[in-house]
Amino acid sequence: MKSYLGIELGSTRIKAVSIDEKYRPVSSGDYTWASSYENSVWTYSLEEVWKGLKAALSAVENREQIAAAGVSAMMHGYLAFDRDWNLLAPFRTWQNTITGQAAAELTSLFGFNIPQRWSIAHLYQAILNGEEHVSRLAHITTLAGYVHYMLTGVNAVGVGEASGMFPIDSETLTYDDAMLEKFDRLTAARELPWKLADLLPKVLTAGQSAGKLTEAGSALLDGLLPAGIPFAPAEGDAGTGMTATNAVAPRTGNVSAGTSIFSMVVLEKPLEKVYEEIDLVTTPAGAPVAMVHCNNCTNDTNAWVSVLGEAARLFGANPSTSELYRKLYEKSLEGGADCGGVLVCNYLAGEGVTHMDAGRPMVVRRPDSVFNLANFFRAQLYATMATLKIGMDILAEEGVAIDSLTGHGGLFKTPVVGQSYMAAACNAPVTCMETAGEGGPYGMALLVAYMLQKSEGESLEDYLASRVFAGVSGSTVEPDTDTAAGFDSYIKWYKALLEVEQAAVEML
């Protein structure tokens with residue numbers, strides 16, 4: 001029986017998932033890794049990329065049945081190479097908030113929001129900084145693009161991934177020519193030995209062939225996959241998350257909530273205005289998407305769960321990690337809809353949506369706040385999605401219609417709780433599906449299957465709806481009026497708390 005392999009290099013795990021011809025996950029492997037903060041830059045070692053890939057793949061069973069594969073990774077960031085693909089600067093990940101000047105100037109130049117995370121913002125900031133490597137550039141790409149090239153020799157990425165590097169023209173499904181020209185005119189006086197279009201990887205759409213595993217690529221994986229396996233276009237975790245949750249049609253969306261949190265809403269029409277809080281990207285098929293991306297989600301909550309578990313062990317209790325999370329999540333349901341006046345800012349890193357270059361996690365309460373465990377932990381969970389809500393409220397004011405959101409990631413592991421709060425925050429029903437348990441690598445595997453199985457003219461949207469997700473079960477939570485009102489009250493205080501957060505960043 002054939003299987004299809006999806007690989008994803010996430011922020012905390014490198015994971016490989018194989019699915020069968022009925023789209024069921026059949027085997028997986030993973031490797032835990034973490035970014036490091038070196039010389040004021042969040043980065044990962046490229047040597048560890050290959051160590052992690054081999055560890056994840058070695059645990060996948062029946063690899064001889066794999067008919068095709070594809071690579072996905074955390075989106076955005078900056079990988080710079082010379083003509084011979086030698087790395088010119090340490091990998092700069094999506095976590096960095098070091099491109100403020102470049103992002104602002106490019107947003108003004110293009111009339112299109114360029115977030116700090118995007119590859120073009122990193123490139124232009126390097127130019128502004130006068131970094132030595134800029135004159136030697138021949139290629140810039142993303143983590144997924146780099147791994148795909150090393151395995152296949154094809155310097156290309158999927159359109160969804162490309163849309164987090166540089167703006168995409170939704171008509172031509174490649175980089176926006178007018179904006180490319182504007183960038184080259186902007187930098188002309190610097191007499192750089194390249195044009196921007198020459199640096200960027202080729203753009204492909206879902207369903208297209210993106211090369212095959214070469215002998216050299218197979219050797220990089222210690223022969224764990226044989227040369228000749230076809231590869232689908234490399235994609236970003238946003239696009240694979242949309243695919244894994246059947247959220248590629250207009251008026252649908254998904255929320256991925258783990259280390260970071262982001263929503264993807266497929267648009268019926270372009271937004272009226274340019275918003276710094278909203279990224280405009282695409283689905284893997286090239287449809288326009290509004291993305292609200294927030295750097296901070298569950299990290300601060302995870303720290304508090306660890307501390308509360310340590311307290312429990314002082315008294316002889318030894319709850320498992322999963323039991324701790326479940327009990328605390330469920331306890332939060334007993335809290336007030338507005339968290340009793342308890343406020344949490346969960347920023348460990350900077351936050352583009354709220355214009356913070358760094359973070360200082362804090363818990364704040366007024367003298368009359370009701371400070372108990374339920375309110376405290378409910379405030380923790382509200383904080384994980386509060387910044388996202390600020391962005392989603394902008395979309396609501398723009399009249400963006402959302403029929404359904406699908407949730408996936410660690411925030412939704414405890415049934416109902418995260419769904420309930422997210423539905424209230426976004427004023428939309430939130431569904432969690434059993435098949436989305438593997439997340440991004442599962443979505444990548446579906447894109448691989450689509451490449452081989454699609455009929456002539458069959459769109460990704462139709463393929464997912466009619467073949468993959470027809471009859472798939474899931475649980476849906478509708479927005480609760482009282483919870484939504486309580487969250488709205490909380491968010492007013494949360495916005496005021498951000499002034500305190502800014503002061504903390506400056507003073508501490």
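Numbers for residues simply follow the sequence, beginning at 1.
- Note that the OH atom of Y23 and the OH atom of Y450 stand 11.5 Å from one another [nearest 0.5 Å].
- The distance from the CD atom of E276 to the NE2 atom of H355 is 5.0 Å, given to the nearest 0.5 Å.
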Please table the atom pairs, donor to acceptor, closer than 3.5 Å between any side-chain atom in residues 492-507 and protein atoms at least two apart or in another chain.
| residue | atom | partner | partner atom | Å |
| --- | --- | --- | --- | --- |
| Y494 | OH | T387 | OG1 | 3.3 |
| E501 | OE2 | R360 | N | 2.7 |
| Q502 | NE2 | E506 | OE2 | 3.3 |

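- The closest side-chain donor-acceptor pair between S3 and S18, if any, does not fall under 3.5 angstrom.
- Shown here is E105, whose CD atom has more than 12 heavy atoms of other residues, nucleotides or ligands within 6.0 Å.
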task: Could you walk me through whether Y347 and D300 pass side-chain hydrogen bond (donor to acceptor under 3.5 Å, both in side chains), step by step?
output: CA-CA 8 Å; Y347 291 2; D300 189 43; over 6 Å; no
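- To the nearest 0.5 Å, the span separating OG1 on T141 from NE2 on H148 amounts to 9.5 Å.
- Taking SG of C297 as the reference point, atom CG of N346 lies at 7.5 Å (rounded to 0.5 Å).
- Rounded to the nearest 0.5 Å, atoms CD1 (I14) and CG (L143) are 8.0 Å apart.
- The ring of Y442 has its center no closer than 6.0 angstrom to the ring center of Y4.
- For the residue pair E8/S72, the side-chain donor-acceptor check at 3.5 Å is satisfied.
- Note on residues 22-44: pairs passing salt bridge (Lys or Arg N to Asp or Glu O under 4.0 Å), not counting sequence neighbours, are R13-D30, D20-R24.
- Aromatic pair F376/W304: ring centres closer than 6.0 Å.
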field: side chain to side chain contact (heavy atoms under 4.5 Å, CB included) between V17 and V26, worked out
entry: CA-CA 8 Å; V17 171; V26 291; over 6 Å; no
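- Both tests pass for R365 against the ring of F371: distance under 6.0 Å to the centre and angle within 45° of the axis.
- Atom CG in L411 sits 10.5 Å away from atom OH in Y325 (nearest 0.5 Å).
- In summary, the aromatic rings of F166 and W118 are positioned with their centroids too far apart to meet the 6.0 Å limit.
- There is a side-chain donor-acceptor pair under 3.5 Å between Y275 and E398.
- With F487 as the aromatic partner, K389 meets the cation-pi criteria of under 6.0 angstrom to the ring centre and within 45 degrees of the ring axis.
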